[in-house]
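So you know, we letter chains A, B, ... as the sequences are listed, proteins then strands, and number each from 1.
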There are 2 protein chains.
Amino acid sequence: MVEAQKSTVGYCRFRINAVKDSMELLTGKWKIHILGTLLYGGKMRFMDLQREVGGIGAKMLSKELQDLELNQLVTRTVMNTKPITVEYELTEFGKTLEPIIDTIAQWGIDYRETLFGKFKENPTD
Amino acid sequence: MVEAQKSTVGYCRFRINAVKDSMELLTGKWKIHILGTLLYGGKMRFMDLQREVGGIGAKMLSKELQDLELNQLVTRTVMNTKPITVEYELTEFGKTLEPIIDTIAQWGIDYRETLFGKFKENPTD
DNA sequence: CAGGATCCTTTACGATACTG
DNA sequence: CAGTATCGTAAAGGATCCTG
């Protein structure tokens, strides 16, 4: 944010690189879905998460959650129940993603008709 | 936006599905990088795009651009030069993604130190 | 219930070479 | 320059079974 912002070219690269940095944590077919689900649905157990995200298998969900936990975006809490249940929740850091996810959701809402009209026949119900 | 928003549960699913819908167009390791590059860098030729995005191969770039063109997010214009050059540019529809990309870039900027400190050693230069 | 282990199929992605 | 063709690896994804 020093040299980089002085020229237009530098400014562009600066923001392009910022996108790159962000996406490093968010890359993967399911990351944003999972984070969005936890953002809008709140604390949730593994199976509920799997159902809400929709279409993801247990293996993938498990793997993606481990990634997200490593990156300190979600927490995993084993509950004292029988059989055991596990709760996943956004961390405070994870919640800083809210503007991103909100904007994505809003775009989906705003362009819902456009998207469906042009590109597909079977909208998400 | 009718039934879905009445209950909290419905509201959540509504936004979760909106995220899903948006991501359908944006999925893939490179889509958002490419769109961001075209947003911040403006109209650009194939090779420039490849260099600016950084790290992407010609095959992937070509394939992703075809996807984006199909989804009417970018236009492809063959120029009358020798040898031929091709310019890629965001469509008006593509430009509606600006809030999403801006938010992602801003998050990357805001949490740059956090990201580097915690998760990696070699920041994007 | 939460998920790991295994096996198998299908995409995604990458490197290199080649053409109009 | 802007790609496509070809080949090869890695990751995604599904199914089934298994365990604490």
Residues from residues 48-58 of chain A sitting under 4.0 Å of DNA chain C, heavy atoms only? none
Closest to the side chain of Phe46(A), out of dG3(D), dG3(C), dC1(C), is dG3(C)
State which of dC1(C), dC1(D), dG3(C) makes the closest approach to the side chain of Val86(A). dG3(C)
Using the side-chain heavy atoms of Arg45(B), tell me which of these nucleotides is nearest: dG14(D), dA2(D), dA12(D). dA2(D)
Is it true that Glu64(B) and Lys29(B) make a salt bridge, defined as a side-chain N closer than 4.0 Å to a carboxylate O? no
Contact list please: residues 28-36 of chain A against DNA chain D, heavy atoms, distance less than 4.0 Å, in numerical order. Lys29(A), Trp30(A)
Please work out if Lys63(A) contacts a base, only the sugar-phosphate, or nothing of the nucleic acid, heavy-atom cut-off 4.0 Å. sugar-phosphate
Can you list everything that forms a side-chain hydrogen bond (donor to acceptor under 3.5 Å, both in side chains) with Thr27(B)? Sequence neighbours excluded, please. none
Under the rule for side-chain hydrogen bond (donor to acceptor under 3.5 Å, both in side chains), what residues qualify as partners of Lys43(B), not counting sequence neighbours? none
Distance col, row Leu49(B):CG vs Ile56(B):CD1, nearest 0.5 angstrom, shows 8.0 Å
Please report the distance, rounded to the nearest Å, between CE in Met44(B) and C1' in dA2(D). 16 Å
Would you indicate whether the side-chain heavy atoms of Phe93(A) and Leu73(A) approach each other to under 4.5 Å? yes
Pick the closest DNA chain D nucleotide for Ile84(A) and for Lys59(A) by heavy atoms, then say which residue is nearer the 5' end. Lys59(A)
Closest approach of Thr91(B) and Val74(B), non-hydrogen atoms and distance? CG2-C, 3.6 Å
So, is Thr81(B) near the phosphate of dC1(D), with a side-chain N or O under 4.0 Å from OP1 or OP2? no
From NZ of Lys82(B) over to C1' of dG3(D), roughly how many Å is that when rounded to an integer? 21 Å
So, is Tyr88(B) near the phosphate of dG3(D), with a side-chain N or O under 4.0 Å from OP1 or OP2? yes
Check every atom of dC1(C), dT4(D), dG4(C) against the side chain of Gln66(B) and return the nucleotide holding the closest atom. dT4(D)
Rounded to whole Å, how long is the line connecting atom CE of Met60(B) with atom C1' of dT9(D)? 13 Å
Would you mind checking if Lys95(A) and Glu98(A) are paired as a salt bridge, meaning a charged N to carboxylate O distance below 4.0 Å? no
Base, sugar-phosphate alone, or nothing: which one does Met47(B) contact when heavy atoms must sit under 4.0 Å apart? sugar-phosphate
Contact class for Glu87(B) (heavy atom, under 4.0 Å): base, sugar-phosphate, or nothing? nothing
Distance in angstrom units between Glu64(B) CD and dA2(D) P, rounded: 18 Å
Nearest-angstrom distance from the residue atom CG of Leu61(A) to C1' of dA2(C): 10 Å
Salt bridge (charged side-chain N to carboxylate O under 4.0 Å, His left out) against Asp110(A), all qualifying residues, sequence neighbours excluded: none
dA2(D) phosphate, OP1 or OP2, under 4.0 Å from Arg76(B) side-chain N/O: no
Could you state the CG-C1' distance from Asn80(A) to dC1(C), rounded to the nearest angstrom? 14 Å
Any idea which heavy atoms bring Gly36(B) and Ile16(A) closest together, and the distance? O-CG1, 4.3 Å
Could you list all the ring-ring contact (aromatic ring centres under 6.0 Å, His included) pairs where at least one residue sits in residues 16-58 of chain A, not counting sequence neighbours? Trp30(A)-His33(A)
